[in-house]
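Each remark here refers to the structure printed beneath this line.
Because the structure is predicted, anything quoted here is derived from the model rather than measured. Letters A, B, ... are given to chains in the order of the sequence lines, protein chains preceding strands, and every chain is numbered from 1.
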Amino acid sequence: MGQSQSLKMKDLIPELKRIVGDDYVLDDQADLLVYEYDGSIDRGNPVVVVLPDTAKEISQVLKLARLNSLPVVARGAGTGLSGGAIAEHGGIVLSMARMNQILEVNRSDRYAIVEPGVVNLDLSTHVASEGLYYAPDPSSQRACTIGGNIAENSGGPHCLAYGVTTNHVLGMEVVLADGSITWFGDNERDGIGYDLRGITIGSEGTLAIVTKISVRLLRLPEHVKTMLMSFETIEDASAAVTEIIGAGMVPAALEMMDHFCIKAAEEAVGAGYPEGAGAVLLVELDGLLESVEEESEEIEAICHEFSPLEIRVATDSLEREKLWSGRKGVLGALGRLAPNYYLVDGTIPRTKLVDVLKKINEISERSGYPIANLLHAGDGNLHPSILFDERKPGDVENILAIGAEILRICVDSGGVLSGEHGIGLEKQDQMPLMFSEEDMATMSLLKLAFETEDLLNPGKVFPTGAGCGDISQARAIARVGPGAYI
Amino acid sequence: MLEVEKISKSTWLNESELYKCVHCGFCLQACPTYLATGLETESPRGRIALMKAVNEGRLEISNQVMRHWDLCVQCRACEDVCPSGVPYGNLIESTMDHVRDYRRIGLLPRLAYEIALKYLLPNQKNLSVLVAMMDFYIKSGFQKLVRKTKILRLISRRLENLEMMTPALNGEFFRADGHVYQSGMADAEKIQMLTGCIMPLTQGNQMRAAVRVLNKAGKDVEIPSSQVCCGAINSHVGDVEKAKELARENIEAFSKDNIDGAIVVASAGCGARMKEYGPLLADDPEYSSKAANFSKRVIDINEYLIGTQLQPGESGVRRAVTYQDSCHLANVQKVRDAPRNLLKSIQGVDFCELKQSNICCGAGGTYMITEPEMSKKILANKMKNIIDSGADTITTANPGCFMQLQNGIREAGLDVEVKYVTDLLDETYTKK
Amino acid sequence: MEEKHLIDGIQPSQGPIYPEDTIELSSALSDITEPGKVVVPVGGATRLQIGAKMPHYDYALDLSNMNHLVAHNSADLTCIVQSGITLRSLQNQLREQEQFLAVDAAFPGEATIGGTLASNAPGYLRWQLAHMRDMVIGMQVVLPSGTVTKSGGPVVKNVAGYDMARLHIGGYGTLGVISEISFKLTPLPPRQGSLLVGFQSENELHNFSEEVFDSYVMPLALTGMNEHLIKTLQIDAPRCRYLMVIRIGGRQMAFDRQLNIMNKMVEQYQDSHTDFLEQNASDRLWEKIRDFRGYGSISSITGRVFSTPTRLRGLLRDMANHFEEIGSTLAVSIQPGFGTMEFYIESLLAEDKTRPTQVIEQIHNIARQNQSHINYEKLPPDLKIGFNMWSQINEGSLGIMRSLRDTYDPDKKLNRGRYLTDKEDS
Ligand SMILES: Cc1cc2nc3c(=O)[nH]c(=O)nc-3n(C[C@H](O)[C@H](O)[C@H](O)COP(=O)(O)OP(=O)(O)OC[C@H]3O[C@@H](n4cnc5c(N)ncnc54)[C@H](O)[C@@H]3O)c2cc1C
Ligand code: SF4
Ligand code: SF4
């Protein structure tokens, strides 16, 4: 098989070069190696990497791929944490890096049309002078692309009040598997027919290649207030979160970090988090000056019920940035506590925070692996990060099992497998935890309605078949390179 | 089954540093070569992935692989944004050192290269002869003829590029002759200054301006005579041994008479290198503590001036000024606000931020000569941003950046002047 | 035989079915195995008239007994409901915990949540300018075969698996029958009220609404209307040719501030007239606006245009001009924050049968020229024949929509012949 494929490849490469230009087709072994990973633990080698510049070129590439039965995997910035951009089954990696233009900003209608390779933060920076911004702000926003955000339906700290990617996309141009180019939705906020826009968002590149996106822009708020509240225990902090939400507050952001995270963040960036606290809450309110003030008073009052060690309010943008710097740097900083960490992403009802965190803590104590808890607490999105050392025999197997156990706890408490990082390769075999055979079959019908050949990002999202945790672990371990665990 | 098992350990890299990289991709948007090409092969994460693959025995070092490493400008912007703290600078320097043996380059270019690195740059006298010859070449009108006829293009593109790079000289050479420039103020503090190797020759006027500003700030400035090149370029291209040798010489030159005041540096690349003499000589039993101590004394001139009571002249200057971060100042020394704040303190300066000011201009030491094509690609983007900024003056903090920006501006035909921050400060005292 | 099951004058040939829960719903569907039988899910029957002319149907699957609030997790601001619950019943129960669902539609006493979602019913309430679909966090759907499937869940952030609920919002029950929904809730603002501003010119109306849109005011609802609509609704707004109604809510200080901002703005408009309604009066006014779904007569027309805020200017102007030309009247409301417009025509029926068709074609042209799309909420049955109820959708999207329809309901058991996917059948 290898030979017939390589024979075909010989003809394929010049064809691809004709479509996108010589410089934008990579097939050297070394070059392909650079596209074998994303931000996750998985790896897979494409046969060729193509960097198109237009939807037309993508259309031609897809037609060619179909003719040759080659899988096509779109790639944004490769920051994904579930292996979405990995060419598991070889084939073509379609990098969106060159399609990075902001095509239109319409201030009065508050939308922008961008190419998929535009970096999330670049869009907000670009429209800031118009007093606007693009709300979804994944922590990776400096690097990740809007196209990738669409595929993963990404969220971020400020999605609590403003919603995730799907709430901010009006329409998009796509190339379908057969190479046809069309728009799903428009620049309008509402439309007719099935919500193809909505169904494509979060589909992890398995339904269509997104080539233009019309996004909703919001007005920059009049006032922003950031507060840091520290508590003696993580239970107090979680109870405060539940209370804040229960009181009907919807802050712009409500983040929580436990003592591991506090320690790491302090060492790394010196954000001024109080030492000795069991957990801190980072609360940000924005909007009308008056509503920010009214709500912050109420939130402070609530926190006082849980005997906070300290409540600190940032008074200017510099202090605000300092408070955020710890939160934003904490993931990287965990490397200071242990050589590796494995970040788990799950969501639970916000009333279950205390409960679930207690269970996670029990797992940590029982297994002996420290687990650092980092939460988008406001919307119940947990990121327990298991600290370990891959060089120790057995560690990898153990932490993968722990990760699976944590997810099971999330699902059992009424939660879900992933809050924002997607299923991809990482969790496909855990899908049955949450979905019945029927549920998954219904989902896979959707894919069939879009394309029957299964060429767009095949082998993702759905279980590999065996549907058993052991296989997923074995697979993950086999692909793991030293150090690479998120 | 496990690839991990067949890893053949190569020893040139510090594995605990290398495997800190979790391929998160945060560094992509900081990297000038990635921004210029959109190719991950020309990105920090890609370059590290290649190091890992070679380290794991999954990949042989080939010309293709080396090409990707060579194309790194070593601006170290990636290091600055990396949340995992990957010391990319170390990794690439060790890699460049390691791959020297794999290169199959012609004897002649190699000889020229080695001569330049080992004899010309480190030795101011030798270099000054060369630069004087270039100066004659420019002034004789021969340059105009050459440029007009594009005769060099017939011979080689690379040669033509090199010719375009010939620095325009700015006044007399500034010599490291042991002179102490007096501020004329009572009980002025005495500080020392590094001249570097390129700047005093090509930008003598700017050096003198810097000294005058330091004097205004109430400092007596000594230029120790036995100082040598800081060694940055040597380690850049992988000649770590020579870099260490130069470091030791400088440590001696600046420690005569047991002086241990500030060592002010006007060239960001040199400052960055010298601030890292500590780690560079960490294994040297004789020099390790001396080097660490030396590094603590090194300070960039912008950073230094902010800490003084310097008052810009009242006449001010009337310019729309922007600022291009010099990589080795911003990314390595983490000095970003000081130059901006100095500029803003000058009467009449209309300061505007440059879009992507934190992205390298493509100068990168010898990079503009060795990788002219990529360097130009990077520079083209910079020019676009300069036009957008609307500035009539662009400031920066390193001679390489200074020359690169001058070249770009000349080629793009822009009406923008390149200055150091200290030039503008100096203008506030000298202009009426 | 219930009158509510009469669609375009057609009755179900086999009569209604009233499932009590999902299991009964599922078995009802799986029991219908005879090929060619057509099932129409029915909620409150407030929007059954939408779509191509009903050709024939066999079963009315009436969900009005599936009317329970399954769970209200008020501390988590989420709830799970059965799809047959009416909007009013749901909102009443949520109000006990000072919460509400930011979804509204006409006739909340009858309209069910399922029908509101399935038919993408228009409403005025736009919390944070979000769409109704943004409140849905999970959904249980029974496929035509009777298979019960779910996606999402009662958590507010979720990317596990495809976002299947999207297919059914605005899907008019053609891919499956919605049986349960999880929602994200909103706390009731402590203070609410509405500002009415009347203008003499269309231009002022647009300028003002753009200013509001551009300010820090975060309206709960915002709608503008022309003279005919003001009169038809009998709103007390003397001397005004155009009226803007802005509903705001929030804590006291924030509320006052928003009101101040708008009152300041109004000062620049010379002939304007303002009025402020406290919560109760405000609520009543909005009910009146919301429940006006057009004129009652059989020959009346109601349409909804999807556009962008600024395109509404041209759209409104061109529509008004056209109706002036043909000497007919048109009642219009616009929702600038959302870029939609609704128009109501009392009657176009004339002796000359071709005229109404021409007018409608002209309206389509106007929409096209203004880069907008039209959807009819109501058309006289005889105009439905041979006329495309559904606005033009691009071929690519339509292709996928048809493919979805074929995949999930290959026999077209649900709502056959009325949705845009079934065009060629009717
Ligand atoms: C340190 C770190 C922090 C993170 N924080 C967050 C966070 O706060 N919130 C969050 O939601 N995520 C977070 N992520 C995950 C990741 O950044 C997001 O999933 C992001 O949206 C991926 O974007 P990307 O451009 O890197 O896409 P990639 O990783 O390149 O691709 C992701 C998926 O998108 C598909 N895709 C890409 N472009 C297209 C296209 N044009 N058309 C169709 N499919 C396409 C790919 O095939 C793949 O399935 C984080 C990641 C890291 C490393
Ligand atoms: S930012 Fe750091 S960890 Fe991330 S890919 Fe770049 S070097 Fe690796
Ligand atoms: S040092 Fe500069 S050029 Fe080199 S990889 Fe890092 S960012 Fe890119």
Assess whether a salt bridge exists between [X] and [Y], defined as any Lys/Arg side-chain N lying under 4.0 Å from an Asp/Glu carboxylate O.
| X | Y | answer |
| --- | --- | --- |
| C:Arg251 | A:Glu298 | yes |
| A:Lys212 | A:Glu173 | yes |
| C:Arg257 | A:Glu222 | yes |
| A:Glu130 | A:Arg110 | no |
| A:Asp355 | A:Lys352 | no |
| C:Asp422 | C:Arg405 | yes |

Counting only heavy atoms closer than 4.5 Å, note whether [X] contacts chain C via side chain, backbone, both or neither.
| X | result |
| --- | --- |
| A:Phe450 | both |
| A:Leu289 | both |
| A:Ile192 | both |
| A:Ser108 | both |
| A:Asn381 | side chain |
| A:Ile199 | both |
| A:Leu407 | neither |
| A:Arg350 | both |
| A:His168 | neither |
| A:Met434 | both |

Atom group of [X] that falls short of 4.5 Å from chain A, counting heavy atoms:
| X | result |
| --- | --- |
| C:Leu167 | both |
| C:Asn158 | both |
| C:Tyr408 | side chain |
| C:Ser307 | backbone |
| C:Val217 | neither |
| C:Asn120 | side chain |
| C:Gln371 | backbone |
| C:Ser145 | neither |
| C:Leu188 | neither |

Heavy-atom pairs under 4.5 Å with chain A are the metric here; pick the option from [options] that has the most.
| options | result |
| --- | --- |
| C:Gly396, C:Pro122, C:Ala165 | C:Gly396 |
| C:Asp214, C:Leu143, C:Val156 | C:Asp214 |
| C:Ser74, C:Gly153, C:Ala75, C:Pro154 | C:Ala75 |
| C:Leu77, C:Thr310, C:Asp163 | C:Thr310 |
| C:His168, C:Lys184, C:Gln252 | C:Gln252 |
| C:Ser397, C:Gly170, C:Gly399 | C:Ser397 |

Between [atom1] of [X] and [atom2] of [Y], what distance do you get to the nearest 0.5 Å?
| X | Y | atom1 | atom2 | result |
| --- | --- | --- | --- | --- |
| A:Ser238 | A:Leu375 | OG | CG | 7.5 Å |
| A:Glu255 | A:His383 | CD | NE2 | 8.0 Å |
| A:Tyr162 | A:Asn167 | OH | CG | 13.0 Å |
| A:Tyr111 | A:Leu170 | OH | CG | 9.0 Å |
| C:Ile261 | C:Asp256 | CD1 | CG | 11.0 Å |

| request: Please step through salt bridge (Lys or Arg N to Asp or Glu O under 4.0 Å) for the pair A:Asp345 and C:Lys157, ending with a clear verdict. | output: CA-CA 11 Å; A:Asp345 165 43; C:Lys157 202 167 169 200; over 6 Å; no
Go through [options] and name the one with the most non-hydrogen pairs under 4.5 angstrom from chain C.
| options | answer |
| --- | --- |
| A:Asp109, A:Val416, A:Thr347 | A:Asp109 |
| A:Ile201, A:Ile348, A:Leu417 | A:Ile348 |
| A:Gly378, A:Gly419, A:Gly246 | A:Gly419 |
| A:Met440, A:Glu420, A:Lys447 | A:Glu420 |
| A:Val461, A:Thr242, A:Val164, A:Leu446 | A:Leu446 |
| A:Ser180, A:Gly422, A:Gly191, A:Ser82 | A:Gly191 |

Pair [X]-[Y], side-chain donor/acceptor within less than 3.5 Å:
| X | Y | value |
| --- | --- | --- |
| A:Glu426 | A:His421 | no |
| A:Asn153 | A:Thr166 | no |
| C:Ser403 | C:Asp406 | no |

| request: I would like to know whether C:Thr147 and A:Glu438 meet side chain to side chain donor-acceptor pair (under 3.5 Å); could you show each step before the answer? | output: CA-CA 7 Å; C:Thr147 305; A:Glu438 287 83 10; over 6 Å; no
| query | Can C:Tyr162 and A:Phe462 be said to form a ring pair (Phe, Tyr, Trp, His ring centres under 6.0 Å), step by step? | reply | CA-CA 10 Å; C:Tyr162 293 142; A:Phe462 299 105; 5.7 Å; yes
| message | A cation-pi test, strictly: NZ or CZ of C:Arg418 under 6.0 Å from the centre of the six-membered ring of C:Tyr172 and no more than 45 degrees from its axis. Yes or no? | response |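 Not satisfied by the 6.0 Å and 45° rule.
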